[in-house]
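In what follows, every heavy atom counts, from backbone to side chain, and hydrogens, waters and symmetry copies are set aside. Every chain is numbered from 1, with letters handed out A, B, ... down the list of sequences.
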Amino acid sequence: MESFCYESVFGPICVKLEEGRVCGIELGERCEGTVKPDQVVVKQLDEYFKGVRTRLDFPVKVSGTEFQLRVWQALRDVPYGSTISYGELAKRLNTSPRAVGQALKRNPLPLYFPCHRVVGKSSLGGFSGGLEWKKNLLALERGERCAGDS
DNA sequence: GCTATTAGACCCC
DNA sequence: GGGGTCTAATAGC
């Protein structure tokens with residue numbers, strides 16, 4: 001498995017590649033970096049973390065059940081800077097909130113599939129890379145300086 | 001197949 | 001706000 005490390009403002013990110021395509025993103029993980037960082041991916045991440053880019057679009061390789069792919073694809077319809085509840089997303093996919101949560105948890109490509117934009121109805125919900133990331137990313141998209149600022 | 005588990009939602013107190 | 005109950009997909013048996 002090829003990989004490289006990207007240093008974001010919120011912390012390190014390990015990007016995993018397969019056949020030149022992104023197949024995994026791990027937030028908060030610093031990895032060895034077996035290959036030279038992919039400039040296309042790095043540029044998009046730079047722009048995203050600067051708040052310039054609202055959508056990541058690089059070649060990816062995803063694997064999952066048909067249901068999971070449907071959920072992840074649906075995420076890309078959630079507009080930048082807004083959030084959707086698990087229930088609402090479930091309604092769109094004609095399934096249950098619980099199942100949506102299961103699929104999101106197994107999302108191998110956070111950021112690319114913006115699972116941080118999915119929140120619980122009366123709580124933040126969870127996040128695979130840690131809740132701090134979710135809060136930071138939402139703050140970034142809402143144009144705030146930093147999470148927790150008052 | 002069946003059972004336990006889960007990043008939710010709902011209702012009731 | 002803290003318990004129960006329903007829920008659908010998944011992992012493990």
Side-chain angles (χ1 to χ4, degrees), chain A residues 1-19 21-32 41-42 44-150:
Chain A
M1 175 82 71
E2 300 169 332
S3 63
F4 66 86
C5 195
Y6 173 86
E7 292 289 341
S8 82
V9 289
F10 300 132
I13 296 176
C14 178
V15 181
K16 305 202 167 177
L17 301 174
E18 194 171 318
E19 299 162 10
R21 289 181 295 176
V22 178
C23 67
I25 297 175
E26 291 182 18
L27 304 179
E29 297 288 325
R30 198 185 305 276
C31 57
E32 292 294 321
V41 176
V42 169
Q44 293 197 15
L45 287 175
D46 278 340
E47 292 169 350
Y48 176 78
F49 281 107
K50 267 189 289 186
V52 180
R53 172 176 282 271
T54 61
R55 188 186 182 85
L56 298 174
D57 226 339
F58 39 72
V60 296
K61 177 186 172 71
V62 289
S63 61
T65 67
E66 195 176 333
F67 175 77
Q68 287 167 345
L69 295 177
R70 256 176 52 225
V71 176
W72 300 338
Q73 283 299 328
L75 285 180
R76 310 207 75 198
D77 292 333
V78 181
Y80 182 89
S82 73
T83 58
I84 188 175
S85 72
Y86 294 87
E88 172 96 10
L89 191 57
K91 203 185 294 179
R92 289 190 190 180
L93 295 167
N94 211 27
T95 181
S96 87
R98 211 90 215 220
V100 170
Q102 289 275 7
L104 293 188
K105 183 181 181 182
R106 290 170 179 79
N107 171 20
L109 300 169
L111 302 187
Y112 183 87
F113 295 122
C115 53
H116 56 276
R117 289 178 203 152
V118 186
V119 297
K121 203 120 190 223
S122 55
S123 69
L124 254 190
F127 196 62
S128 39
L131 269 178
E132 279 307 302
W133 276 94
K134 190 169 189 170
K135 287 191 277 187
N136 287 335
L137 293 170
L138 288 173
L140 167 71
E141 297 194 353
R142 291 196 317 237
E144 293 171 11
R145 288 176 297 146
C146 186
D149 273 1
S150 54

CA sep, side-chain torsions, deciding dist, call: Phe49(A), Leu111(A), side-chain contact (heavy atoms from CB on, under 4.5 Å)
CA-CA 10 Å; Phe49(A) 281 107; Leu111(A) 302 187; 4.0 Å; yes

- Where along residues 65-77 of chain A does a heavy atom come under 4.0 Å from DNA chain C, residue by residue in number order?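 Those residues are Thr65(A), Phe67(A), Gln68(A).
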
Protein-nucleotide distance ([X], atom [atom1]; [N], atom [atom2]), rounded to Å:
| X | N | atom1 | atom2 | answer |
| --- | --- | --- | --- | --- |
| Leu89(A) | dA9(C) | CG | P | 13 Å |
| Arg92(A) | dA8(C) | CZ | C1' | 19 Å |
| Lys134(A) | dA7(B) | NZ | P | 11 Å |
| Arg106(A) | dA8(C) | CZ | P | 17 Å |
| Lys121(A) | dA7(B) | NZ | P | 20 Å |
| Glu132(A) | dA7(B) | CD | P | 18 Å |
| Leu124(A) | dA9(B) | CG | P | 12 Å |

For Glu47(A), the side-chain hydrogen bond (donor to acceptor under 3.5 Å, both in side chains) test, sequence neighbours excluded, returns Lys43(A), Arg53(A)

Item to check | By ring-ring contact (aromatic ring centres under 6.0 Å, His included) - contacts of Tyr80(A) (at least two apart) | outcome: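 Here no residue qualifies.
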
Nearest heavy-atom approach of Glu141(A) to Gly81(A) is OE1-N, 3.1 Å

Margin query: With side-chain hydrogen bond (donor to acceptor under 3.5 Å, both in side chains) as the rule and sequence neighbours excluded, what pairs involving residues 96-113 of chain A come up?
Written below: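 Every pair satisfying side-chain hydrogen bond (donor to acceptor under 3.5 Å, both in side chains) with a residue in residues 96-113 of chain A: Arg76(A)-Tyr112(A), Gln102(A)-Arg106(A).
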
(request) Taking the side chain as every heavy atom from C-beta outward, state whether Thr83(A) and Val118(A) have any pair of such atoms under 4.5 Å apart. (result) no

Query - Donor-acceptor contact present, side-chain Trp133(A) to main-chain His116(A), <3.5 Å - result: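 No; judged by distance alone, with no hydrogens or angles, the pair does not exist.
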
Report task. Please check the phosphate of dA9(C) (OP1 and OP2 only) for any side-chain N or O of Thr95(A) closer than 4.0 Å. Result -> yes

task: Before giving the answer on side-chain contact (heavy atoms from CB on, under 4.5 Å), spell out for Val41(A) and Leu56(A) the whole-Å C-alpha distance, their side-chain angles and the decisive distance to 0.1 Å.
output: CA-CA 8 Å; Val41(A) 176; Leu56(A) 298 174; over 6 Å; no

Closest to the side chain of Ser96(A), out of dA8(C), dC10(B), dT10(C), is dA8(C)

Regarding the side chain of Pro97(A), the nearest nucleotide among dA7(B), dC10(B), dG8(B) is dG8(B)

Query raised in the report: Can you tell me how far the SG atom of Cys115(A) sits from the NZ atom of Lys134(A), to the nearest 0.5 Å?
Result: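 Those atoms lie 7.5 Å apart.
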
Output field dot_bracket for DNA chain C (Watson-Crick or G-U, both distances under 3.5 Å, | for other-strand pairs) contains ||||||.||||||

| said: Taking Glu88(A) first and then Lys121(A), would you say they form a salt bridge - that is, a charged N and a carboxylate O separated by under 4.0 Å? | reply: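 No salt bridge links Glu88(A) with Lys121(A).
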
*asked:* Looking at Glu26(A) and Lys16(A), is any side-chain nitrogen of the basic one under 4.0 Å from a carboxylate oxygen of the acidic one?
replied: yes

Polar atom pairs (N or O), protein with nucleotides 3-6 of chain B, under 3.5 Å:
unit_1	atom_1	unit_2	atom_2	d
dT6(B)	O4'	Gln102(A)	NE2	3.4
dT6(B)	O2	Gln102(A)	NE2	2.2

For Ser123(A), report the nucleic acid contact type (base, sugar-phosphate, nothing); a contact means any heavy atom under 4.0 Å.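 Nothing, no nucleic acid heavy atom in range.
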
